[in-house]
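Shown next, in structure tokens, is the structure this report addresses.
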Amino acid sequence: MKLYKKVETITQIPWYYLAAIDQYERSVRLARRDLPKAEGVIGIYYRPEVWAGLTNPNPSEENPAVIQFFNGMGVDGDGDGKASLKSDEDVLYAFAHYLLSYGVDPDNIKIGLWNYYHRDRTVGIIAGKAKIYRHFGRLDLDKRVFPVPLYSNHSYRSTWGDARGWGGRRIHEGTDIFAGYGVPVRATAYGIVEMKGWNKFGGWRIGIRDINNTYHYFAHLSGFAKNLKVGQVVEPGMVIGGVGSTGYGPPGTSGKFPPHLHYGMYKDNGITEWSFDPYPHLAQWKRMERIELRKAKK
Ligand SMILES: [Zn+2]
């Protein structure tokens, strides 16, 4: 946070955008095998030739004047006379310096991000993260909770990859949590509502993107929490809807199967998005929440 604030002071690029870009890149590096893992505090990655300048014969160039001559991204942020990929401050300042050529208001930042990533989804994800960081004013947003209250009567088991009980031949991409009709469904993470609406299969659904580029998908809801909007920032435990049995027909169709929450998780790696098994995560969140509740009682 100190580094984000410092670069904000110098460049006027809001700290929450810097934090959002950094967190986006860190998550992408964790999800991909073709990128080296981050060594410093800052997670932003530049290919050496992008840092040094594409036509620079020396891809490990650290002389800021030479890098500038070859139009590289590298700059000297920490004032040691070198533009080094090993310096967190140089790495972060270089991105801010790049954005600065577009401007410091959200629209210009978005244009800068688009010209850098050439991917609408990435620009949207980063803007969402910036909104989340700005809303909470802090970086520590890792808390998770189980999607239905622990005291509610519910059951779930690992069904990853099973044939679907209802809805055709696609494999089952998620975990079904069986509970009573109308049992509250809660946001499991700090995030932003990316999608809310009807789909023929999933019924009333909500999609929430967290700060690790993970998309949490809630389907077959009985309805939505009042005033819940796309673009809204949520936190773990916030009620977003109710367990239901909607889906498999035109809007409003329900009752074709017992009420349950279909919970899915999807990971974005900057290129594509894929689903992974939520079951181990659900089990862990439940354990963690139980421990927290016990602590609170003491
Ligand atoms: Zn399901």
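Counting starts at 1 for both ligands and their atoms, in listed order. Quick caveat, the model's predicted, so the values are computed rather than measured. Count residues from 1 along the sequence.
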Using the ring pair (Phe, Tyr, Trp, His ring centres under 6.0 Å) definition, which of the options W204, F257, Y263 pairs with H220?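 Exactly one candidate clears the test, F257.
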
Qualifying ring-ring contact (aromatic ring centres under 6.0 Å, His included) pairs with a residue from residues 119-142, counting only residues at least two apart or across chains: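 Those involving residues 119-142 are F136-Y190.
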
Hey, is the Zn ion (ligand 1) within less than 2.8 Å of some N/O/S atom on H172?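 H172 does place an N, O or S atom closer than 2.8 Å to the Zn ion (ligand 1).
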
Quick one: report the N, O or S atom of H262 that is nearest to the Zn ion (ligand 1).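 Relative to the Zn ion (ligand 1), the closest nitrogen, oxygen or sulfur of H262 carries the name ND1.
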
Do you know which N/O/S atom name in D176 is closest to the Zn ion (ligand 1)?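 Of all N, O or S atoms in D176, the Zn ion (ligand 1) lies closest to OD1.
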
E292: salt bridge (charged side-chain N to carboxylate O under 4.0 Å, His left out) partners, not counting sequence neighbours: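 If we apply the salt bridge (charged side-chain N to carboxylate O under 4.0 Å, His left out) test to E292, skipping adjacent residues, the hits are K295.
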
Looking only at side-chain N and O atoms, does Y217 offer a donor or acceptor that is under 3.5 Å from a partner on S275?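 No - no donor-acceptor pair under 3.5 Å links their side chains.
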
